[in-house]
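Down below is the structure, laid out as structure tokens.
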Amino acid sequence: MAITVHILYRGVQGSALRFAREMMESGTVDRIRQEAGNEEYQYFQSMEDPEAVLLVDRWQDQAAIDAHHASPMMGTILALREKYDLHMKVERLVSDEEGLPDKDAAFVRN
């Protein structure tokens, strides 16, 4: 059962985007993507709100998230969040083991 975490970062004067860029340019994102159980780690910039950046962070299971939270990587992330004075809204999504219902699949183009 995969767990996806959406973290909406908000800042001022472009700080959320600068945070995401530093995470990427410092190699932190690449190291997180190499952690056991990480399935996705991507930042997206809002087209409607220039002060908002969304992180889509998906893990194989809760044990993988717990290991990530206990890793030295979290110290780096927390320090950068403070540096850029970011505020967050977090949403957890748990995958549906049954997959997409057939009636919904008709609306998806692969």
* Calculate, to the nearest 0.5 Å, the distance between atoms CE and CD belonging to Met73 and Gln34 respectively. => 8.5 Å
* To do: Compare all side-chain heavy atoms of Met24 with those of Asp30 and state whether any distance is below 4.5 angstrom.
  => no
* May I have all residue pairs that pass ring pair (Phe, Tyr, Trp, His ring centres under 6.0 Å) and include part of residues 28-63, sequence neighbours excluded? => Tyr41-Tyr43, Trp59-His68
* Are Asp85 and Ser15 close enough that some pair of their side-chain heavy atoms sits under 4.5 Å apart? -> no
* Asked: Under 4.5 Å between side-chain heavy atoms, hopping through other hydrophobics if needed: is there a path connecting Leu54 to Leu80?
  -> no
Show every donor-acceptor pair shorter than 3.5 Å between a side-chain atom in residues 1-12 and any protein atom, with sequence neighbours excluded, or say none if there are none.
| from | atom 1 | to | atom 2 | distance (Å) |
| --- | --- | --- | --- | --- |
| His6 | ND1 | Glu91 | OE1 | 3.3 |
| Tyr9 | OH | Arg81 | NE | 3.2 |
| Tyr9 | OH | Arg81 | NH2 | 3.1 |
| Arg10 | NE | Asp49 | OD2 | 3.2 |
| Arg10 | NH2 | Asp49 | OD1 | 3.2 |
| Arg10 | NH2 | Asp49 | OD2 | 2.2 |

* Could I get the full list of side chain to side chain donor-acceptor pair (under 3.5 Å) partners for Arg18, not counting sequence neighbours? => none
* List the steps and the verdict of side-chain contact (heavy atoms from CB on, under 4.5 Å) for Ile65 and Arg92. => CA-CA 12 Å; Ile65 293 173; Arg92 271 177 63 106; 4.0 Å; yes
* Evaluate the criterion side-chain contact (heavy atoms from CB on, under 4.5 Å) for residue pair Ile32 and Met23; output intermediate values, then yes/no. => CA-CA 10 Å; Ile32 293 168; Met23 286 284 293; 4.0 Å; yes
* Structure fact -> Under a side-chain separation threshold of 4.5 Å, the hydrophobic residues clustered together with Phe107 are none
* Would a distance-only check, ignoring hydrogens and angles, find a side-chain to backbone donor-acceptor pair under 3.5 Å from Glu51 to Gln13? -> yes
* ILVMFWY cluster, Met74 and Tyr84 together (side-chain gap under 4.5 Å) -> yes
* Asked: Is there a path from Leu93 to Leu55 through hydrophobic residues (I, L, V, M, F, W, Y) whose side chains come within less than 4.5 Å of each other?
  -> no
* List for me each residue that meets side chain to side chain donor-acceptor pair (under 3.5 Å) alongside Arg33, sequence neighbours excluded, and say none if there are none. => none
* Asked: Which pairs pass salt bridge (charged side-chain N to carboxylate O under 4.0 Å, His left out) with one or both residues in residues 52-76, sequence neighbours excluded?
  -> Glu39-Arg58, Glu40-Arg58
* Asked: Are Val53 and Leu86 close enough that some pair of their side-chain heavy atoms sits under 4.5 Å apart?
  -> no
* To do: Work out which heavy atom in Ala64 is nearest to a heavy atom in Gly37; give both atom names and the distance.
  => CB-CA, 3.8 Å
